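Comments concern the structure below.
From a predicted model like this one, the values you see are computed outputs, not experimental measurements. Values reported hereafter were calculated over all heavy atoms of this structure, with side chains retained and with hydrogens, waters and symmetry mates removed.
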Amino acid sequence: MAAAAAPRALGSLRAGRARLAAACCARWRLGPGARLPGSWRGPRVAPAVWARGWACAAGGSAPRRGYGSDVRPEDELRVRHLDAENRGIVVLGINRAYAKNSFSKNLIKMLSKAVDALKSDKKVRTIIVRSEVPGVFCAANLPVPTIAAIDGLALGGGLELALACDIRVAASSAKMGLVETKLAIIPGGGGTQRLPRAIGVSLAKELIFSARVLDGQEAKAVGLISHVLEQNPEGDAAYRKALDLAREFLPQGPIAMRVAKLAINQGMEVDLVTGLAIEEACYAQTIPTKDRLEGLLAFKEKRSPRYKGE
């Protein structure tokens, strides 16, 4: 009965989101193909509307960076598929140094295209979102684990982008906050919804009302980030920690990882009884997989499993 109830619960959630999207599009007079601000699924909003008010900032260093204003449009987002022992980890590097990683129509288009491609790529196991601009940070709702590596500033839209990730790590010197009220606007990229879910309603209100900026230690103390690191001379301490976490995820069953994320995300939006039904339905999806049998066989033979995502 619980397993049967889960699909109906998921259907109701999706229908509710669709009705909300339709209402918002009607309210804002958005045309066909719109997508709500901060959402990577559902109706699309024109890029100019979606980008409005976003002023991103998250940090990190990378082997290749663009510092000048001559960065080609196709280089504003760098998608790197790591190999060797890091195979399965993808790094999304935002590279608009001359604009402090603020969103442009082109960058939004590239992000959307990259996210759509990664969603359907079964070889992808974990995604790290970082900046390739020193001292500035700026995922998305993807089916695999996502990690935001914040090595510099993450203000306004930059923090909202980080909040869309499953896990956030930051350097102690990083600065982050939803500062939109200073500009007489509100966080419009998911901040008013994701921040309360991350740190609690009362504290989220306090931070948004005051437009307060936190450093890495303060962000860790309130539960905004999972890990805080002392910054290193290269300026990529958070990225290195994110890479370590991604490596921890690699050996696990890829189907189980995706289904676990789905169960957690959907379950957090409903009551416990419905959440348990969702969990049971998700668990049932892992039973007939080849990966599950491989896991049992590897345990019996005392070896590392060789999962194929099947």
So how far is it from [X] [atom1] to [Y] [atom2], rounded to the nearest 0.5 Å?
X    : Y    : atom1 : atom2 : result
K113 : L77  : NZ    : CG    : 11.0 Å
I278 : L262 : CD1   : CG    : 8.0 Å
L159 : R194 : CG    : CZ    : 11.0 Å
K290 : Y307 : NZ    : OH    : 15.5 Å
I89  : N86  : CD1   : CG    : 4.5 Å

Examine distances only and state if a side-chain atom of [X] and a backbone atom of [Y] form a donor-acceptor pair shorter than 3.5 Å.
X    : Y    : result
E218 : D215 : yes
R78  : L92  : no
Q217 : S172 : no
T289 : R292 : yes
Q231 : A237 : yes
E160 : G189 : yes

Note to self: Under the criterion side-chain contact (heavy atoms from CB on, under 4.5 Å), I'd like the reasoning laid out for V222 against L214: C-alpha separation, chi angles, the key distance, then a yes or no.
What the structure shows: CA-CA 10 Å; V222 301; L214 307 178; 4.0 Å; yes

For the residue pair [X] and [Y], establish whether any side-chain heavy-atom pair is separated by less than 4.5 Å.
X    : Y    : value
R168 : M176 : no
V129 : C165 : yes
I167 : I225 : no
D116 : S120 : no
E294 : R306 : yes

Taking all non-hydrogen atoms of both residues into account, name the closest pair between [X] and [Y] and its distance.
X    : Y    : value
E180 : G157 : OE2-N, 3.8 Å
R197 : Q193 : NH1-O, 2.9 Å
P145 : M257 : CG-CE, 3.7 Å
R125 : P251 : NH2-C, 4.1 Å
V169 : K241 : CG1-CG, 4.2 Å
I150 : A238 : O-CB, 3.5 Å

[X] with [Y]: basic N within carboxylate O range, under 4.0 Å:
X    : Y    : value
K308 : D291 : no
R87  : D83  : no
D244 : R247 : yes
K122 : E310 : no

Taking [Y] as the starting point, is it possible to reach [X] by hopping between hydrophobic residues whose side chains are less than 4.5 Å apart?
X    : Y    : answer
L250 : I128 : yes
L245 : L229 : no
L111 : V79  : yes
M110 : V124 : yes

Note to self: Let's go through L118 and I127 carefully: what are the C-alpha distance in whole Å and the side-chain angles of both, what is the deciding distance for side-chain contact (heavy atoms from CB on, under 4.5 Å) to 0.1 Å, and is it a yes or a no?
What the structure shows: CA-CA 9 Å; L118 293 172; I127 296 169; 3.6 Å; yes

Check: Between L243 and I147, does a side-chain contact (heavy atoms from CB on, under 4.5 Å) hold up when you go through it step by step?
Finding: CA-CA 9 Å; L243 195 56; I147 307 171; over 6 Å; no

Next item on the list: Check whether more than 12 heavy atoms from other residues, nucleotides or ligands sit under 6.0 Å from atom OH of Y283, and answer yes or no.
Entry: no

Could you go through residues 199-210 and list every donor-acceptor pair under 3.5 Å that involves a side-chain atom there, pairing it with any protein atom two or more places apart or in another chain?
from : atom 1 : to   : atom 2 : distance (Å)
E206 : OE2    : R212 : NH1    : 2.9
E206 : OE2    : R212 : NH2    : 3.0
S210 : OG     : E206 : O      : 2.7
S210 : OG     : L207 : O      : 3.4
S210 : OG     : R212 : N      : 3.3

Check: So which of T146, V144, T126 actually passes side chain to side chain contact (heavy atoms under 4.5 Å, CB included) with D166?
Finding: T146

